[in-house]
Protein chains: 2
Amino acid sequence: MLESATPKPSLSEGAYSEIRQALVRGDFEPGQRLSEPELALRFSTSRSPIREALVRLSHEGFVERLPSGRVRVRALDILELEQLYVVRASVEGLAARLAAPRLRTIDLEQMEKAQEEMERCVRKNDAVGAIAAGQEFHDLLLRECGNQPLIEVLSGLRARISRFRAVVASLGDYDPERAIEHRRILKALYQRKAEQAETEMIRHVNRSAAVLMGKLRKRG
Amino acid sequence: MLESATPKPSLSEGAYSEIRQALVRGDFEPGQRLSEPELALRFSTSRSPIREALVRLSHEGFVERLPSGRVRVRALDILELEQLYVVRASVEGLAARLAAPRLRTIDLEQMEKAQEEMERCVRKNDAVGAIAAGQEFHDLLLRECGNQPLIEVLSGLRARISRFRAVVASLGDYDPERAIEHRRILKALYQRKAEQAETEMIRHVNRSAAVLMGKLRKRG
DNA sequence: AAATTATTATCTGTCGACAGATTAGGTCAA
DNA sequence: TTGACCTAATCTGTCGACAGATAATAATTT
C-alpha cells in the first residue's frame with residue numbers, strides 16, 4: 001500500500017497482490033489449502049506466476065508450506081498477533097521518533113487532514129471511514145521516517161496484522177479513544193518532540209492491540 | 001543461521017542458501033548482474049530453482065531487480081547500513097528486553113560460555129574467533145526472546161548487515177570494547193534487569209555500527 | 001576515430017510436461 | 001460400522017521451450 005508505481009505489471013506481481021488482498025480480506029479460510037493449479041486457473045495463468053506469488057507470501061507469513069510442499073493459509077493465532085504487536089509497537093514508535101524532526105509542513109498538513117477526517121468519521125459513527133483515515137495517518141508518518149528498511153519491516157508487520165483485523169471488521173465498533181491518541185501523537189510531532197511522539201505511538205499501538213485482541217477473544 | 005532442521009533439501013532451498021552465502025561472503029561484486037542461466041549452470045539445475053532463490057533474495061534486500069527484470073547484486077550503500085543499524089538497535093534491544101525474564105539457566109550458561117570464548121579470543125587477538133563467538137552470543141539471546149516475528153525481522157537485518165561486515169573482515173582488528181559491552185548485557189540478564197539489558201544492547205549495537213561504518217569509510 | 005545504426009546473442013517471463021510423492025476415495029475384511 | 005489396504009486422482013518440484021524484450025556487438029556513416 002505504500003509502494004509506488006508499477007514499472008511492469010507482470011502476472012506474478014498481479015497474482016501476488018490479488019492473492020494477498022484476498023488473504024487480508026479473509027476470502028480464504030485459515031487452514032485452507034491453496035493448490036497451485038487451482039489458483040492458476042482462477043487467475044488464468046500457468047503455475048509459474050502463482051508459484052512465485054506463493055513463495056513470497058510464505059516468506060511474508062501469510063501462508064505456510066506443509067512438509068509435503070503444499071501451501072495452506074496460516075492460522076490466525078492470537079498469540080502470534082500479540083507477538084506481532086509487540087514488535088510493531090517498538091518499530092512504529094521508532095518510526096515516529098525518526099519522522100518527528102523530518103516532517104515537512106506539507107506532511108503535517110496531510111496528517112492533520114487525515115486526523116480531522118478520522119475525527120469526523122468518529123463523530124458520524126463511521127467505523128470503516130475512521131479505520132481508513134487512521135491507516136492513512138500511520139502511512140503518512142511511516143513514509144516520512146526516512147528509513148527504508150524500517151518502512152519494509154513495518155509494512156510487513158502491518159499487513160500481517162490486518163488479516164486479524166479483517167476478522168472483526170464486521171463488528172464495526174471503532175473506539176473513539178484511538179482518535180484521541182492520534183491527536184496526542186500529532187501534537188508531539190507538531191512540537192518536534194521526538195521522544196514523546198515515540199512514547200505516545202507505542203502507547204497507542206499497545207492499546208489498539210489490546211482492543212483488537214479483546215474483540216478476537218470474544219468472537220474468534 | 002538460526003533456523004533449524006531441513007525437512008526437504010530442495011534445489012531451490014539449496015540454491016538460495018548457497019547464493020545467499022556467496023553474497024554475504026562478498027563472492028559477488030556489488031552491482032554485478034546475476035543471470036539465471038549462468039547460475040543454473042553453476043548449480044547444475046534448471047532456471048526454476050534459481051528463480052525462486054532470486055525472488056527470495058530480492059525481497060530480502062540482497063539483490064535488486066532492474067526495470068528490465070534482470071537481477072543485480074545490491075550496492076553496499078553506507079547510508080543503507082546506517083539505516084539498517086538504526087532499526088537493528090531498536091529491535092535487538094527489544095529482543096534483549098523480552099529475553100531477560102525468559103532465559104533459563106541453561107541459556108545463560110551457554111551465553112556465558114560464548115562470552116568466555118569471546119574474551120579468550122580477544123586476549124589471543126583472534127578477531128575471527130571473537131566475531132564468531134560474538135554472533136553466537138547474539139544468536140542465543142535472540143533464540144530465547146520468544147517472539148517469532150521478532151526473530152525473523154532481526155535475522156533479516158543481521159544478514160543484510162553481514163554483507164557490509166564481510167567487506168572489512170580482512171582488516172581483522174576486532175575492538176575488545178565489544179566484549180566488555182557483551183559482558184554488561186550478560187550481567188543485566190543475569191540480574192533479570194530487562195530494561196537495562198535493553199539499554200545496554202542498544203548502546204552496544206550503536207557502537208558496533210559506529211565502528212563498522214568508520215572502517216568502511218576509511219577503506220570502502 | 002567517434003557516433004549511429006543494424007545485427008546478433010542473451011535474458012526474462014511464462015508456459016506446458018513429467019516423475020515422484022501425497023492425498024483422497026473406494027474396497028474389502030472384521 | 002469401523003478400519004486396513006489398495007487404487008486413482010492431485011499436487012509439487014523441476015525441467016526444457018518459446019516469444020518478446022534487452023543488451024552486446026558489428027557494420028556503417030560522418
**Prompt:** Out of C/dC15, D/dC11, D/dT14, which has the shortest distance to the side chain of A/Arg51?
**Reply:** D/dT14

**Message:** Of the listed nucleotides (C/dG13, D/dT14, D/dT22), which one gets closest to any side-chain atom of B/Ser12?
**Reply:** D/dT14

**Asked** For B/Ser35 and C/dC11, is the shortest distance between a side-chain N/O and OP1 or OP2 below 4.0 Å?
**Response** yes

**Prompt:** Does a donor on one side chain sit under 3.5 Å from an acceptor on the other, for A/His59 and B/His59?
**Reply:** no

**Prompt:** To the nearest angstrom, how far is B/Leu39 atom CG from C/dT12 atom P?
**Reply:** 9 Å

**Atom-to-atom span, CD1 of B/Ile50 to C1' of D/dG13 - whole angstrom** = 14 Å

**Request:** Would you tell me whether B/Glu80 and B/Tyr85 have side-chain atoms, one donor and one acceptor, within less than 3.5 Å of each other?
**Result:** no

**Whole-Å distance separating the CZ atom of A/Phe43 from the P atom of C/dC15** = 13 Å

**Message:** Nearest to the side chain of A/Ser46, heavy atoms from C-beta on, is which of C/dT14, C/dT22, D/dT14?
**Reply:** C/dT14

**Request:** Pick base, sugar-phosphate or nothing for B/Leu66, based on heavy-atom distances below 4.0 Å to the nucleic acid.
**Result:** nothing

**Message:** Rounding to an integer number of Å, can you tell me how far A/Glu52 CD sits from D/dT14 P?
**Reply:** 14 Å

**Complete:** Of the candidates D/dC11, C/dC15, C/dT12, the side chain of B/Arg70 sits closest to C/dT12

**Message:** In whole Å, I'd like the distance from the CZ atom of B/Arg33 to the P atom of C/dT12.
**Reply:** 10 Å

**Request:** Could you check A/Glu38 against B/Ser44 and say which one's nearest nucleotide on DNA chain D is further toward the 5' end?
**Result:** A/Glu38

**Asked** A/Glu36 side chain: which of D/dG13, C/dT12, C/dT23 is closest?
**Response** D/dG13

**Asked** Nearest-Å distance, CZ (B/Arg47) to C1' (C/dC11)?
**Response** 7 Å

**Between P of D/dT12 and CG of B/Leu11, the distance in whole Å** = 17 Å

**Asked** Reckon B/Leu54 touches a base, only the sugar-phosphate, or nothing at all at heavy-atom distances under 4.0 Å?
**Response** nothing

**Fill in**
With the side chain defined as heavy atoms from C-beta on, B/Arg65 is closest, among C/dC15, D/dT22, C/dG13, to C/dG13

**Message:** Measuring only between side-chain heavy atoms, which start at C-beta, is B/Arg97 closer than 4.5 Å to B/Met201?
**Reply:** no

**Prompt:** So, A/Glu60 versus A/Tyr16: side-chain donor-acceptor pair below 3.5 Å or not?
**Reply:** yes

**Prompt:** Should the pair B/Arg203-B/Glu181 be classified as a salt bridge under the 4.0 Å nitrogen-to-oxygen rule?
**Reply:** no

**Request:** Can you figure out which of D/dC11, C/dG13, D/dC15 approaches the side chain of B/Thr45 most closely?
**Result:** D/dC15

**Request:** Return the nearest nucleotide to the side chain of A/Pro49; candidates are C/dT22, C/dT14, D/dT14.
**Result:** C/dT14

